[in-house]
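Here is the structure we will look at, set down as structure tokens.
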2 protein chains.
Amino acid sequence: MTAHNHTEQIPSAEQLLLSRGVKPTPQRVVIAEYLLQTESHPTADEVLSAVAQALPVALSRATVYNTLNTLKEAGVIKEVLTEPGRVRYDANITHHHHFVDVKTGKIVDIPSDKVEAIGKLLGDQYKVHGFQVLFYGEVESG
Amino acid sequence: MTAHNHTEQIPSAEQLLLSRGVKPTPQRVVIAEYLLQTESHPTADEVLSAVAQALPVALSRATVYNTLNTLKEAGVIKEVLTEPGRVRYDANITHHHHFVDVKTGKIVDIPSDKVEAIGKLLGDQYKVHGFQVLFYGEVESG
DNA sequence: TCATGTATTTAGAATAAGTCTAAAGTAAGA
DNA sequence: TCTTACTTTAGACTTATTCTAAATACATGA
Ligand SMILES: [Mn+2]
Ligand SMILES: [Mn+2]
Ligand SMILES: [Zn+2]
Ligand SMILES: [Zn+2]
């Protein structure tokens, strides 16, 4: 809590969007800001209700979906599929993995290096019931 | 029809359902048979259109969904999530992984032991663009 | 400043996957 | 046979997401 306004050192959502060639409209900026500060891997609906009150003007469902798709195509965010019927979004675009707590439904990030010895040792704060490796790429013939 | 009925040596879908405590109705049996003989990881719609003509009586959408859910709860099949908005089904219930060919959309099974050294070496018929590890389990606190 | 064009947002309609409902069919036991 | 429980069915419903067409905002140049 300082008496003076120190200049922000954190790279702003606005800068990030500009650097990816996405025009930083107010709607896009608040959505990006929300995703950048949360660790909860929210759905589109969750983004909408979280961000709606943060804007002076109303935010439409269509704009939330448009923006999420735009940000995804621009490489600012990633989709996360953990359960049928709902897509979650993640502003952590580093190569990492996810751990679903089946009790709480929370999805936490697992850094890549943790998974070297897969399924074996994740630290004993995690009780692994199972895991799934999903590859994306190309196979020969078929 | 044949002169003699030879005894089936392949463990039948009917036997499998019985062994899992699921009453083998004609609809359930054809759906299970279809899933057991394919390697394509079909969606509910694909199951419906593939199996509809194989039954003398019409097969309803509701029954396909009911049966897929029943078989999943009985441990006869598993869900596979690879893309938003569609659930795929897999009668291979061994612990294994999946490789999505981004060109063709085909999903092929990768046996567990192949993934020991994850992402590294899958055999050079696979070009890995990326992979995702999805854990299921429980974490401490939050 | 105005005109015009282009991108963005919006409400609500449309679509698509999946679930639910209520009625009809099936099988088995008493 | 009567009863009961289970299963299937058509179609209504729900929910997530996309589409459409109109309204806004923004930029650029005359
Ligand atoms: Mn949602
Ligand atoms: Mn489908
Ligand atoms: Zn994440
Ligand atoms: Zn499989």
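Sequence lines set the chain letters: A, B, ... in the order given, protein chains first and strands last, and positions in each chain run from 1. Note that the structure is predicted; figures quoted are calculated from it, not measured.
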Provide, to the nearest angstrom, the distance between the CZ atom belonging to Arg86(A) and the P atom belonging to dG18(C).
15 Å

Of Lys23(B) and Arg61(B), the one whose closest DNA chain C nucleotide lies more 5':
Arg61(B)

Nearest-Å distance for atom pair CD/C1', residues Gln27(B) and dT7(D)
8 Å

In whole Å, I'd like the distance from the CZ atom of Arg28(B) to the P atom of dC6(D).
11 Å

Check: Glu73(A) side chain, Thr70(A) main-chain N or O, donor-acceptor pair, under 3.5 Å:
no

From the set dA10(D), dT8(D), dA16(D), return the single nucleotide nearest to any side-chain atom of Ala62(B).
dA10(D)

Could you work out which one of dT10(C), dA17(C), dT8(C) sits closest to the side chain of Asp45(B)?
dA17(C)

Rounded at 0.5 Å granularity, tell me how far CG in Asn92(B) sits from NE2 in His41(B).
6.5 Å

Toward the 5' end of DNA chain D, which comes first, Asn69(A) or Leu59(B), by nearest nucleotide?
Leu59(B)

Arg88(B) has an atom CZ; how far is it from atom P of dA17(C), in whole Å?
11 Å

Without decimals, in angstroms, what is the distance between Leu48(B) CG and dT19(C) C1'?
15 Å

Asn66(A) side-chain proximity, nearest of dA16(D), dT8(D), dT9(C):
dT9(C)

Does Tyr65(B) make a side-chain N or O approach to OP1 or OP2 of dT19(C) shorter than 4.0 Å?
no

Is Arg28(B) reaching over with its side chain to a backbone N or O of Lys23(B), donor-acceptor style, under 3.5 angstrom?
yes

Between atom CD in Glu46(A) and atom C1' in dT17(D), what is the gap in whole Å?
15 Å

Apply the test side chain to side chain contact (heavy atoms under 4.5 Å, CB included) to residues Val51(B) and Val64(B): give CA-CA distance (whole Å), side-chain angles for both, the deciding distance (0.1 Å), then the verdict.
CA-CA 9 Å; Val51(B) 151; Val64(B) 172; over 6 Å; no

At less than 4.0 Å, is any side-chain N or O atom of Thr63(A) found next to OP1 or OP2 of dT9(C)? Yes or no.
no

Under 4.0 Å between a side-chain N/O of Thr25(A) and OP1 or OP2 of dT9(C), yes or no?
yes

Once you round it to whole Å, what is the distance between P of dT26(C) and CG of Leu55(B)?
14 Å

Leu81(A) has an atom CG; how far is it from atom P of dA16(D), in whole Å?
15 Å

Thr67(A) (side chain) donor-acceptor with Thr63(A) (main chain) under 3.5 angstrom
yes

